[in-house]
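The sequence lines fix the lettering, A, B, ..., with proteins before strands; numbering per chain opens at 1.
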Amino acid sequence: MIANNRPDPRLAIDPAGLGLAACARPFFRRGTVAVARGLVGAWIARRWRGRWYGGRIVETEAYLGVTDRAAHSWAGRRTPRVEPMYADGGHLYVFLVYGMHSCANVVTRAEGVPEAVLLRAAEGPDGAPVRLLSGPGKLCAGLGITTGWSGRDLVGGESVRILRGRGRPRLAVSRRIGIDYAGEAKEWPLRFYDRDSEAVSVRR
DNA sequence: CACATGATCGCCT
DNA sequence: GGCGATCATGTGG
């Protein structure tokens, strides 16, 4: 099996040097749409062998739990895979799609409320190819995040964190990508992205 | 540029 | 047994 846990070296960052503070629990316990909007412009950072690697998030999607046909927790589904979605806000939910790509989500709201925000794209630091992380599978591959990371705490841990960005990006809103099976929910405007970023995964 | 396809496997029916 | 919160590559216009 391919357990590529190694981040791309071009994504090395220094969180202290960037002056970015980690998001705390209350940030993630808010409404899922608010978190999805707030994560655009924030950074995801993960540590590997004592160094930090990360990117600035430029595209997210909200998944609204039991009433959202596109969500894995739709209708209260609760399997071992989805279990981390039921955790307290501020945990990671990572799943495998199409048998080969990992997708990372930030769990929102209180424990027992299975909602989350999919991280669809990010920009690496200066020196990294602009589109290295432009897509949910590429984001995980670039940072070396696999399904083994599902359930990890994003708050106060030593391996993954979300860092507050500086400044507010200009946001654009659209329907979510790749969920045409979701009935009415496929029309919901739950995708948020930085309209000035070249790293957004799907352009119109 | 716009599709079309294959890869590959966990989860649901 | 079918299909997916994807991606890279290939074909054709």
*For DNA chain B, what string of dots and brackets results from 5' to 3' when Watson-Crick and G-U pairs need both distances under 3.5 Å, crossing pairs get [ ], and pairs with another strand get |?*
|||||||.||||.

*asked:* Please determine whether a side-chain nitrogen of the Lys or Arg among A/Lys186 and A/Asp180 lies less than 4.0 Å from a carboxylate oxygen of the Asp or Glu.
replied: no

*Got a salt bridge between A/Asp14 and A/Arg51, using NZ or NE/NH1/NH2 to carboxylate O under 4.0 Å?*
no

_For the C1' atoms, the ones on B/dG10 and on C/dA8, what distance do you get once it is rounded to whole angstrom?_
22 Å

*Mind checking salt bridge (Lys or Arg N to Asp or Glu O under 4.0 Å) for A/Arg30 and listing every partner two or more places apart, or none if nothing turns up?*
none

_I'd like to check the salt bridge (Lys or Arg N to Asp or Glu O under 4.0 Å) partners of A/Arg161; sequence neighbours left out, ordered by chain and number._
A/Glu158

Taking [atom1] in [X] as the centre, count heavy atoms belonging to other residues, nucleotides or ligands within less than 6.0 Å. Is the count above 12?
X        : atom1 : answer
A/Arg164 : CZ    : no
A/Glu187 : CD    : yes
A/Arg25  : CZ    : yes

Name every residue in [range] that has at least one heavy atom under 4.0 Å from any atom of DNA chain B, in order of residue number, or write none if there are no such residues.
range                       : result
residues 29-45 of chain A   : none
residues 66-80 of chain A   : A/Arg77, A/Thr79
residues 106-125 of chain A : none
residues 55-63 of chain A   : none

*Tell me yes or no: between the side chains of A/Arg120 and A/Ser201, is some donor less than 3.5 Å from an acceptor?*
yes

*Any side-chain donor paired with an acceptor under 3.5 Å for A/Ser73 and A/Arg78?*
no

_Candidate pair A/Asp88 and A/Arg109, rule salt bridge (charged side-chain N to carboxylate O under 4.0 Å, His left out), full reasoning_ = CA-CA 7 Å; A/Asp88 195 3; A/Arg109 307 202 55 188; over 6 Å; no

*Reading DNA chain C 5' to 3', which nucleotide is the first, and which the last, to come under 4.0 Å of any heavy atom in chain A?*
C/dG4 to C/dA8

*Hey, does the side chain of A/Thr60 reach the backbone of A/Ala36 with a donor-acceptor pair shorter than 3.5 angstrom?*
yes

*Hey, can you pull the residues of residues 86-101 of chain A with a non-hydrogen atom under 4.0 angstrom from DNA chain C?*
A/Phe95, A/Val97, A/Tyr98, A/Gly99, A/His101

*asked:* Do A/Val58 and A/Leu18 land in one hydrophobic cluster if side-chain heavy atoms of ILVMFWY residues count as linked below 4.5 Å?
replied: no

_A/Arg195 to A/Tyr193 six-membered ring, cation-pi geometry met (6.0 Å, 45°)_ = no

Taking transitive links into account, so neighbours of neighbours count too, which hydrophobic residues share a cluster with [X] at under 4.5 Å side-chain distance?
X        : value
A/Leu118 : A/Tyr63, A/Ile179, A/Tyr181
A/Val155 : A/Leu11, A/Phe27, A/Phe28, A/Val35, A/Leu39, A/Ile44, A/Trp48, A/Tyr53, A/Ile57, A/Leu92, A/Val94, A/Val106, A/Val117, A/Leu119, A/Leu132, A/Leu133, A/Leu139, A/Leu143, A/Ile145, A/Trp149, A/Leu154, A/Val160, A/Ile162
A/Leu96  : none

*Describe the nucleic acid contact of A/Arg81 in one word from base, sugar-phosphate, nothing, applying a heavy-atom distance below 4.0 Å.*
sugar-phosphate

